[in-house]
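All heavy atoms count here, side chains included; hydrogens, waters and symmetry mates do not. Predicted model only: the values in this text are computed from it and were never measured. Read the numbers this way: they start at 1 and go in the same order the structure lists the ligands and their atoms.
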Amino acid sequence: MEPVISLTGVSAELGGQRVLHGVDLAVHPGEVVALLGANGSGKSTAVRAAVGQVPVSAGTLTLFGTPVRRFRDWARVGYVPQRSTAASGVPATVREVVAAGRLARRGLRPLRRADRAAVDLALDLVGLADRANDAVDALSGGQHQRVLIARALTAEPEVLIMDEPLAGVDLASQRVLAGTLRTLVADGVAVLLVLHETGPLQPLIDRAVVLAHGRVERTVEHPAGLPESPSCHPADAAEPSAESPLRTGIL
Ligand SMILES: Nc1ncnc2c1ncn2[C@@H]1O[C@H](COP(=O)(O)OP(=O)(O)OP(=O)(O)O)[C@@H](O)[C@H]1O
């Protein structure tokens, strides 16, 4: 089966420094791949290269078989960047921000019934249906994260790329996200995640790729059998808070 995302020997530079050194990585339809590694190991750069935001200086990077520099079918790709607010200072409702994600499919024509249904479904999937008409500025950081995920989902992407979706998100919301991903993956959506802790997402992960200094240090197939790594959100203080064995030891 053709990979949805394929990096072969990919190198990339930022600020004149080589940050990725010959990275190999593939995500197939319906697969969940986690990119792990220490701060500065190149995880965000790898996913930003995959969505065309960082140029590839060597190697080959394809999306659905097309080299990323020629790829135009962005409605097939949902991207949730590393922690950013959904609409800082913009007087928009949660529904309006989520509906903006539909632009990739509908362009600038008015919302149709199918668009509204996709927005409702995305809000439902992230557990924010009851906040749809609230001002997005009134949401907490973790809820912003869920709005951004819903915004990516409204385009009904075939691959969802998320950079640290669990950062600052409490355990209950992490579980909501795990349920969302489970539903998407059952429908054949591929998922590439940058993670520090695998938390409740761990059972969903087909492959963990660990980066170190811009290189693939190791790859672990089906890490689901490993103990769940703990969450580190302050609201989950009752949960174990020791260093994650998945992050630091077993992988
Ligand atoms: N705009 C930039 N200019 C120069 N160097 C950069 C730039 N952005 C990132 N880097 C460097 O590239 C390397 C990889 O950064 P990257 O953000 O991809 O790491 P990461 O694994 O996602 O880290 P984190 O876990 O902290 O988010 C780091 O050494 C970082 O300092």
Say whether N133 and T93, considering side chains only, have a donor N or O and an acceptor N or O under 3.5 Å apart.
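The criterion, which ignores hydrogens and geometry beyond distance, is not satisfied for T93 and N133.
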
Do T219 and R207 pair up side chain to side chain, a donor and an acceptor below 3.5 Å, judged on atom types alone?
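No, because no side-chain N or O of T219 sits under 3.5 Å from a partner of the opposite role on R207.
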
Can you list everything that forms a salt bridge (Lys or Arg N to Asp or Glu O under 4.0 Å) with D24? Sequence neighbours excluded, please.
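Residues passing salt bridge (Lys or Arg N to Asp or Glu O under 4.0 Å) with D24: none at all.
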
For ligand 1, the residues whose heavy atoms come within less than 4.0 Å (ordered by chain, then number)
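Its neighbours under 4.0 Å (heavy atoms only) are L14, G15, V19, A38, N39, G40, S41, G42, K43, S44, T45, Q82, E164, H196, given by chain and number.
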
With the side chain counted from C-beta on, respond yes when Q82 and V194 share a heavy-atom pair under 4.5 Å apart, and no when they do not.
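Sidechains of V194 and Q82: no contact.
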
So P29 and E158, do their side chains get closer than 4.5 Å, heavy atoms only?
no

Considering all heavy atoms, the nearest R102-T154 contact:
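Reported closest heavy-atom pair: NH1-O, 2.6 Å.
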
